[in-house]
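The structure appears right after this line, and notes come after that.
Labels below follow one simple rule: chain letters A, B, ... track the order of the sequence lines, proteins then strands, and each chain is numbered from 1.
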Amino acid sequence: METNSIETRKDKKSGPNFIHQIIEEDIRTNKYGGRVHTRFPPEPNGYLHIGHAKSICLNFGTAEKYNGLCNLRFDDTNPAKEETEYVESIKEDVRWLGFDWGEREYYASDYFERLYEYAVKLIKKGKAYICDMSAEEISTNRGTPSKPGIESPSRNRSVDENLTLFEQMRTGKFPDGSKVLRAKIDMASPNMHLRDPVIYRILHAEHHRTENKWCIYPMYDFAHGQSDSIERITHSICTLEFEVHRPLYDWFIRELEIYAPQQIEFARLNLTYTVMSKRKLLDLVQNGSVKGWDDPRMPTICGLRRRGYTPESLRAFSEKVGVAKRENVIDVALLEHCIREDLNKRAIRVMGVLNPLKVIITNYPEGVTENLTAINNPEDESMGTRQIPFSRDIYIEKEDFMENPPKQFFRLSPGNEVRLRYAYFIKCTDVVKNQNGEIIELHCTYDPASKGGKSPDGRVVKSTIHWISAHSALKAEILLYDRLFLKEAPDEVEEGKNFIGYINPDSLKIITGFVEPWLHDAKPESKYQFERLGYFCVDKDSSHEKLIFNRTVTLKDTWAKIIKKRIGK
RNA sequence: UGUCCUGUGGUGUAAUUGGUAACACGUCUGACUCUGGAUCAGAAGAGUCUAGGUUCGAGCCCUAGCAGGACAACCA
């Protein structure tokens, strides 16, 4: 009862997004017999990124919400760019995000025969013709947005001649680029897409699925809408740039007299400090700025997965960014919030020291190891506890000690007592330095009565720091990732510059740290919180011989903020 | 000089379809705490691109502007 009222207060949700409003109206008016059928239609020519994740969540999520279906369809009309490898990676990513397309895995290439017949129908109606001009000629004759185009000399060929030529195109009589099939619409249309668009081109290329069956291929514009029609999609959700194509799709559907889906456009996702275009992501991979498509700094789904993002966090993110038509740039802080929120509930807490400083507890017996109990997750008692070894020599984080601390520094300093998490209170008695004056070791004393972290006399310490027992510490390679770009909007390049120039030179720091022995058997992709530091996940290349952790995201850090402010002033 | 789309706190998204701007992230306080995490309590921050108009009443309707974006691949 109480929880309920809290939930209704907290989850006071805003109204349905504009697409859902349209759908709800369509259901109400029985427009498609109450049916809701969407599709996610990627081209298998690259890896999916977080922008696609938004689209996937929208399409599959919408179908789920309204008890409908969502197809996975590959728009594979360009054999030159598409590969089976991409088909596989896309399927893996969609599945990983938690969506299921059942038996409904389709390909535009499955419809090539039907599309060919559609083209023939257009020719027979006098609505399409074979054009002999070259690509350049077609382009220059198309005019500009403000100047009408010029009609092709081939425009008034007879239906019979067009039919014959199209048939010959299919049988391979003509070389690439020598002829195209064009829709006969209006060379003076203010909409460029209606100026006799090319709908079929000759391409003597092997297709990843139809192999060498075809040497002519439909253009995307002539395949996409009809594919939606064939699949009896009710709501064809796509991004804004296809808004101007809609009149063309509607024209095809009308002239072909086939089932008409409804296209609705929404604004694609943009993220601060991130580039999202396939071209730029490819550039990053090819010029070696990152190690590959699944580099944890990439906004690709496989990159985010390797970074330690969970499907749940990505779905929550997709929900929070909303759906609208206005162009937007989402603060990556929202993405980071989503993964912290998810991992906070689920990740096991462990201790890891990234930048070790040796501490000798001088009044602790030598050669003794005792086990202390640590809580696996204070947010979830059911996750239990574990034992961690403690001994005379330990490592703490270098940043957790200051010889001459400012007022706001609560951690270890000469004379200041702190708690070693789950262990004892310690006090620093000596600072050992090398010849260069660098601190290399600390001597401390501990209070045996404070075992477990509580002092019987009730005295309080202001700070708790993490540590690792020196002899049982496990070495691990730790990859500290930061944002890939220094500039909030890396797409906005200044004169004569390139977005590559905005890359953060410190986006990756590789260090060797220590972690609890308990992590020896940690499995790839498993996620942990290193207490006080952040969330880390085991890299897929990690092994018993060499443990590798990726930092997914840091914890929120008030102290870091204070420092930043002091430096700023 | 064209056509289409979009303008609401720093960033996103809402506003029960004309009733006096809400939620999230971020920011800032404070409480609590064996993570300077989490949690909890609170604050600041927009008067809705501009100007007219309709109306008792406009972020929502009308008119005219302004600003931003998309469109000229045999790419998708």
Side-chain angles (χ1 to χ4, degrees), chain A residues 10-17 21 41-43 45 75-78 80-82 131 133-136 138-140 142-149 176-182 189-195 197-203 216-217 219-221 223-224 240-247 265 267 272 278 319-331 333-338 340-341 344-345 349 351 374-375 378-379 408-411 419-423 425 452-454 460-466 529-534 554-562:
Chain A
K10 278 186 76 176
D11 300 344
K12 195 204 278 176
K13 49 180 172 233
S14 39
N17 66 52
Q21 281 176 22
E43 183 193 14
N45 71 339
D75 275 339
D76 54 352
T77 53
N78 186 359
K81 292 186 176 173
E82 295 143 9
C131 179
M133 292 196 295
S134 69
E136 302 87 281
I138 289 177
S139 176
T140 53
R142 182 145 22 228
T144 69
S146 50
K147 271 178 225 128
D176 287 5
S178 58
K179 285 182 170 29
V180 291
L181 180 67
R182 292 228 255 168
S189 171
N191 184 335
M192 298 294 291
H193 298 278
L194 262 24
R195 318 244 264 228
V198 171
I199 59 179
Y200 258 93
R201 77 287 213 184
I202 302 170
L203 239 36
I216 57 172
Y217 292 92
M219 297 291 291
Y220 170 84
D221 278 348
H224 185 80
L240 249 32
E241 69 267 30
F242 294 106
E243 208 154 25
V244 276
H245 296 236
R246 183 162 18 100
E265 308 87 8
T272 55
K278 271 187 186 176
E319 192 60 40
K320 283 180 202 279
V321 296
V323 181
K325 296 195 76 159
R326 123 169 78 158
E327 310 225 8
N328 60 80
V329 185
I330 306 293
D331 193 336
L334 181 62
L335 216 211
E336 293 174 347
H337 166 261
C338 289
R340 285 194 188 104
E341 189 179 49
N344 177 49
K345 292 177 301 192
R349 271 61 169 173
M351 290 200 278
I375 296 164
E379 303 289 318
Q408 291 152 295
F409 187 84
F410 310 141
R411 281 112 92 146
R419 171 171 34 234
L420 294 175
R421 174 134 243 220
Y422 300 125
F425 288 5
K454 276 188 201 96
V460 292
V461 292
K462 194 103 187 203
S463 175
T464 301
I465 64 173
H466 57 94
Q529 184 197 99
F530 287 8
E531 294 218 29
R532 305 206 305 131
L533 297 174
T554 60
L555 250 32
K556 279 203 206 162
D557 191 342
T558 310
W559 174 240
K561 241 179 224 173
I562 293 169

[X] near the nucleic acid: base, sugar-phosphate alone, or nothing, with a heavy-atom cut-off under 4.0 Å?
{"X": "A/M133", "answer": "base"}
{"X": "A/N344", "answer": "base"}
{"X": "A/A324", "answer": "sugar-phosphate"}
{"X": "A/Y200", "answer": "nothing"}
{"X": "A/Q408", "answer": "base"}
{"X": "A/V198", "answer": "sugar-phosphate"}
{"X": "A/R411", "answer": "base"}
{"X": "A/E336", "answer": "nothing"}
{"X": "A/V461", "answer": "nothing"}
{"X": "A/Y422", "answer": "base"}
{"X": "A/P247", "answer": "nothing"}
{"X": "A/R349", "answer": "base"}
{"X": "A/T272", "answer": "nothing"}
{"X": "A/S463", "answer": "nothing"}

Can a donor-acceptor pair be found, under 3.5 Å and without considering hydrogens, that links the side chain of [X] to the backbone of [Y]?
{"X": "A/E327", "Y": "A/A267", "answer": "no"}
{"X": "A/D557", "Y": "A/A560", "answer": "yes"}
{"X": "A/R195", "Y": "A/S189", "answer": "yes"}
{"X": "A/R142", "Y": "A/H193", "answer": "no"}
{"X": "A/E82", "Y": "A/N78", "answer": "yes"}
{"X": "A/N191", "Y": "A/V244", "answer": "yes"}
{"X": "A/R419", "Y": "A/G453", "answer": "yes"}

N/O (side chain, [X]) to phosphate O (OP1/OP2, [N]) under 4.0 Å:
{"X": "A/R201", "N": "B/A76", "answer": "yes"}
{"X": "A/T558", "N": "B/G37", "answer": "yes"}
{"X": "A/Q21", "N": "B/A14", "answer": "no"}
{"X": "A/H337", "N": "B/C25", "answer": "yes"}
{"X": "A/S139", "N": "B/A73", "answer": "yes"}

Using the side-chain heavy atoms of [X], tell me which of these nucleotides is nearest: [options].
{"X": "A/W559", "options": "B/A73, B/A76, B/G36", "value": "B/G36"}
{"X": "A/P145", "options": "B/A72, B/C25, B/U35", "value": "B/A72"}
{"X": "A/P190", "options": "B/U3, B/G36, B/U35", "value": "B/U3"}
{"X": "A/L555", "options": "B/G69, B/U6, B/G37", "value": "B/G37"}
{"X": "A/H193", "options": "B/C5, B/C71, B/A76", "value": "B/C71"}
{"X": "A/A333", "options": "B/C25, B/C71, B/U35", "value": "B/C25"}
{"X": "A/R142", "options": "B/C75, B/A72, B/G26", "value": "B/A72"}
{"X": "A/V244", "options": "B/U13, B/A76, B/C71", "value": "B/C71"}
{"X": "A/R532", "options": "B/A76, B/C25, B/G36", "value": "B/G36"}
{"X": "A/E243", "options": "B/G2, B/A76, B/C5", "value": "B/C5"}

Counterpart base for [N], defined by Watson-Crick or G-U wobble contacts under 3.5 Å:
{"N": "B/A24", "value": "B/U11"}
{"N": "B/U63", "value": "B/A51"}
{"N": "B/G68", "value": "B/C5"}
{"N": "B/U29", "value": "B/A41"}

In this structure, how many angstroms lie between the [atom2] atom of [N] and the [atom1] atom of [X], rounded?
{"X": "A/E319", "N": "B/C23", "atom1": "CD", "atom2": "P", "result": "18 Å"}
{"X": "A/D331", "N": "B/C25", "atom1": "CG", "atom2": "P", "result": "12 Å"}
{"X": "A/D76", "N": "B/C75", "atom1": "CG", "atom2": "C1'", "result": "14 Å"}
{"X": "A/M351", "N": "B/G37", "atom1": "CE", "atom2": "P", "result": "18 Å"}
{"X": "A/E341", "N": "B/A38", "atom1": "CD", "atom2": "C1'", "result": "11 Å"}
{"X": "A/N328", "N": "B/U11", "atom1": "CG", "atom2": "P", "result": "12 Å"}

Between [M] and [N], how far apart are the [atom1] atoms? Round to whole Å, please.
{"N": "B/G37", "M": "B/G26", "atom1": "P", "result": "13 Å"}
{"N": "B/G18", "M": "B/G53", "atom1": "C1'", "result": "15 Å"}
{"N": "B/G12", "M": "B/A21", "atom1": "C1'", "result": "16 Å"}
{"N": "B/G7", "M": "B/A14", "atom1": "P", "result": "10 Å"}
{"N": "B/C66", "M": "B/A51", "atom1": "C1'", "result": "10 Å"}
{"N": "B/C62", "M": "B/U55", "atom1": "C1'", "result": "12 Å"}
{"N": "B/A64", "M": "B/C60", "atom1": "P", "result": "16 Å"}
{"N": "B/G42", "M": "B/A24", "atom1": "P", "result": "12 Å"}

**Report entry** Approximate separation, where rounding is to 0.5 Å, of A/T464 OG1 and A/R532 CZ
**Finding:** 8.0 Å

**Report entry** Test of ring centre spacing under 6.0 Å for A/W559 and A/F410
**Finding:** no

Query - A/F409 vs A/E82, nearer the 5' end of RNA chain B by closest nucleotide - result: A/F409

**Report entry** 5' priority, RNA chain B, between A/G453 and A/R340 [closest heavy atom]
**Finding:** A/R340

Query raised in the report: Hey, is the side chain of A/E379 pairing donor to acceptor with the base of B/U39 inside 3.5 Å?
Result: no

Query raised in the report: Can you name the one residue among A/H337, A/R340, A/K561 that meets side-chain contact (heavy atoms from CB on, under 4.5 Å) with A/K556?
Result: A/R340

Query - A/E319, CD atom: more than 12 neighbouring heavy atoms under 6.0 Å - result: no

Query raised in the report: When you look at NZ of A/K454, are more than 12 heavy atoms from neighbouring residues, nucleotides or ligands closer to it than 6.0 Å?
Result: no

Requested in this report: Using a 4.0 Å heavy-atom cut-off, write out nucleotides 27-33 of chain B from 5' to 3' as B (base contacted by protein), S (sugar-phosphate only) or - (no contact).
Outcome: SSS----

Report summary line: Glycosidic torsion of B/G47 (syn if within 90° of 0, anti otherwise) classifies it as syn

